Amino acid sequence: YPAPEPPSNHGMTVKPRAIRGMNDILPGVSSTWRYLESEVQDIVRSYGYDEIRLPILEYTELFRRSIGEVTDIVEKEMYTFEDRNGESLTLRPEATASVARAGMTNGLLHNQKQKLWTSGPMFRYEKPQKGRYRQFHQFNVEALGYDGPDIDAELIIMSARMWQRLGIDKIHLEINSLGVPESRARYREALVEYFSGVKNRLDEDSIRRLEQNPLRILDSKNPDMQDIIQAAPVMLDYLDAESAEHFSGLKALLDAAGVKFEVNPRLVRGLDYYSRTVFEWVTDALGSQGAVCSGGRYDGLVEKLGGRSTPAVGWAMGIERFVALYEACGGKAPFTQPDVYIAALGEGTQARAFALAEELRDRIAGIQIEMNLGGGSFKSQMKRADTSFAAYALILGEQELSENRIGLKPLRTGGEQENIALDDLAAVLQEKLSGA
Ligand code: HAM
């Protein structure tokens, strides 16, 4: 008889599988991530933003109340489960709600302003495709306690600096203002009236949204509805005087800073906490998932969560899309290769080679050394040295060891091998590496 199939065990019948939409960031790719993350961190630190690290789980209620009940995220994309004591927890779909929560629970918002950054994985049960994943990563900046429009401008200018510093040019900025809740309520009425008049042309999702969240109809990607959306009333015509002034202030500051933008009156964003400024940096270089960095003002959020009224604004960049765009614009992260590959041949040489490597690491700050592991002939060790892309090979054979010397061979420049006294090695190498 054939052997019975092993029992199915959560997708592990034969071999483990990765979860759909959740990617491993592999060696070779992770170096680009690290490079871009560190560039962005440098920039935001140079504007006075300080890091806050947050848990990836929060009570589900936090996201329901912040992002809004009638949003794609809360309705269908959250990874929600019960804790062992029956409390509903959710893997964060975004970080702004957690920043607001952390500001409140740690007393960071009492008569203080905060300029914060945070980064890490976010989770949304979306349909995976290029640029859209179920575990993705964001870099966030959030400024709490500032009512702008100067801070809105600073946040946008800071993001423009990132693109410029990294040679990213296939990107443009769209901005809009959503006003305050009162002006938005008037706009909402106008929208309901307009869309009710063309109800027979709305799709099922939009009919449902008509009652609950008509602004989100504007965000529909359904091609059949684009002409009725284009003809809908626009929020900018309903702005209250103060929001209009705030928006002009922002535009004037961006103009003065030379940051180009386009006013997109249909930009509404998919989260309910926004008020006044919203913006998105969008690219055409990545296919349909073009929003790389998006954000806006959320003046009402802290109060809605039960705190004192605190104006706030921020943005989040999707790191997967950022990395892809950087590459699409021709960017290449600096490639770090070892400085030295150590080959050891014969009795007693491996132990001495280890001691030597440690000594070099002590004496030459930042030196990258790759040790030959697993023995091998001279030929195979030199072949590995070559494929490691090291600048130099150090060759320690029995003969050299007995004479307290070592072979130093340039691998990239084609120079001659030298035979160097072990006592002089660190000094000689240091000079060669700094000259390189
Ligand atoms: P969001 O527009 O939902 O805003 O996400 C921000 C960015 O995260 C997007 O522009 C995109 O680059 C990336 N992103 C979103 N979903 C995915 C996904 N499934 N796969 C890959 N990348 C994705 C927020 O999350 C707000 N918290 C932004 C904010 C911060 N507003 C104020 N402060």
Side-chain angles (χ1 to χ4, degrees), residues 20-23 25 33 36 40 44 49 52 54 58 62-63 66-68 71-74 76-79 91-103 114-144 146 148 151-152 155-156 158-159 162 168 171 173-176 178 216 219 267-283 285-302 310-326:
R20 194 159 119 82
M22 304 204 177
N23 299 317
I25 314 302
W33 281 56
L36 292 179
V40 171
V44 305
Y49 288 73
I52 181 166
L54 302 161
E58 298 279 356
L62 176 70
F63 299 118
S66 313
I67 299 169
T71 57
D72 284 349
I73 297 178
V74 169
K76 48 191 183 200
E77 296 173 359
M78 295 207 299
Y79 282 90
L91 277 168
R92 63 179 181 192
E94 61 109 46
T96 309
S98 305
V99 169
R101 193 274 306 146
Q114 299 290 343
K115 294 202 293 183
L116 305 170
W117 67 268
T118 193
S119 69
M122 310 292 154
F123 303 85
R124 294 183 194 176
Y125 192 82
E126 294 196 79
K127 197 167 186 243
Q129 55 172 271
K130 182 169 175 265
R132 193 205 269 163
Y133 308 104
R134 289 181 175 171
Q135 174 172 328
F136 62 98
H137 298 77
Q138 278 185 352
F139 184 90
N140 279 251
V141 286
E142 310 287 355
L144 298 106
Y146 299 83
I151 188 81
D152 306 33
L155 282 163
I156 292 175
M158 185 163 78
S159 49
M162 293 181 326
I168 292 175
I171 195 161
L173 173 64
E174 297 182 5
I175 63 174
N176 192 19
L178 300 179
R216 295 283 293 139
D219 224 19
L267 179 66
V268 288
R269 311 272 303 121
L271 306 95
D272 281 356
Y273 49 58
Y274 290 113
S275 56
R276 294 196 170 148
T277 313
V278 289
F279 59 90
E280 270 180 12
W281 286 96
V282 186
T283 181
L286 301 178
S288 61
Q289 303 306 313
V292 179
C293 175
S294 0
R297 206 158 248 294
Y298 47 100
D299 292 341
L301 179 58
V302 172
T310 306
V313 54
W315 52 249
M317 177 162 63
I319 301 183
E320 284 81 358
R321 294 181 195 178
F322 179 44
V323 170
L325 180 59
Y326 173 67

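One-based numbering, in listed order, for ligands and for the atoms of each. Note: hydrogens, waters and symmetry copies are ignored here, and every other heavy atom, side chains too, is used. All figures in this text were calculated on a predicted structure; none of them were measured in a lab.
- Contact detail for A95 and T118: the closest heavy-atom pair is CB-CG2, 4.2 Å.
- R124 has no carboxylate O lying under 4.0 Å from a charged side-chain N of D72, or vice versa, which leaves the two without a salt bridge.
- Numbered from 1 in the order shown, with element, the atoms of ligand 1 that lie under 4.0 Å from a heavy atom of A291 read 9 (C), 10 (O), 11 (C), 12 (O).
- Smallest separation of non-hydrogen atoms from P121 and Q135: CB-NE2, 3.5 Å.
- Remark: ligand 1 atoms within the under-4.0 Å shell around heavy atoms of V292 are 10 (O), 12 (O).
- Ligand 1 lies out of reach of W281, whose nearest heavy atom is not under 4.0 Å from it.
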Verdict with supporting geometry, R269 and N176, side chain to side chain contact (heavy atoms under 4.5 Å, CB included): CA-CA 10 Å; R269 311 272 303 121; N176 192 19; over 6 Å; no
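- Checked by atom type, the side-chain pair S66/E94 shows no donor-acceptor distance below 3.5 Å.
- At the shortest separation from atom 19 (N) of ligand 1 among protein heavy atoms lies E126 OE2, 2.7 Å.
- Partner E320 forms a side chain to side chain contact (heavy atoms under 4.5 Å, CB included) with one of H137, Q289, R132 and no other, that one being H137.
- Within the 4.0 Å heavy-atom criterion, the part of Y273 lying near ligand 1 is the side chain and not the backbone.
- Among protein heavy atoms, atom 33 (N) of ligand 1 sits closest to E142 OE1, 2.8 Å.
- The shortest heavy-atom distance from R124 to ligand 1 is under 4.0 Å.
- Residue, atom and distance of the protein heavy atom nearest to atom 9 (C) of ligand 1 are S294 OG, 3.5 Å.
- Looking only at heavy atoms of the protein, atom 5 (O) of ligand 1 is closest to Q138 NE2, 3.2 Å.
- For G270, the closest heavy-atom approach to ligand 1 does not fall below 4.0 Å.
- From the protein, the heavy atom lying nearest to atom 31 (N) of ligand 1 is Y274 OH, 2.6 Å.
- For the pair L267 and E174, the tightest heavy-atom approach, listed with the atom from each and the gap, is CD2-O, 3.7 Å.
- Checked by atom type, the side-chain pair T96/Y273 shows a donor-acceptor distance below 3.5 Å.
- Not a single donor-acceptor pair under 3.5 Å links the side chain of Q138 to the backbone N or O of N140.
- Nearest protein heavy-atom contact of atom 20 (N) of ligand 1 is Y133 N, 3.0 Å.
- Here the heavy atom of the protein found nearest to atom 13 (C) of ligand 1 is G318 CA, 3.6 Å.
- Against a heavy-atom cut-off of under 4.0 Å, G131 is close to the following atoms of ligand 1: 20 (N), 21 (C), 22 (N).
- The nearest protein atom to atom 32 (C) of ligand 1, hydrogens excluded, is given as G314 O, 3.3 Å; this is a heavy-atom distance.
- When F279, W315, F136 are checked for heavy-atom proximity to atom 14 (N) of ligand 1, F136 turns out nearest.
- Considering backbone and side-chain atoms together, E280 places no N or O closer than 3.5 Å to any N or O of ligand 1.
- At a 4.0 Å cut-off, at least one heavy atom of R269 sits close enough to ligand 1 to count as contact.
- Between E320 and ligand 1, a contact under 3.5 Å exists for no N or O pair.
- Contact between P128 and R20 at its shortest, heavy atoms only, is CD-NH2, 3.5 Å.
- Formation of a donor-acceptor pair under 3.5 Å by the R134 side chain with backbone atoms of E126 is found in this model.
- Here the closest heavy-atom approach between residue Y274 and residue L178 is recorded as CB-CD1, 3.8 Å.
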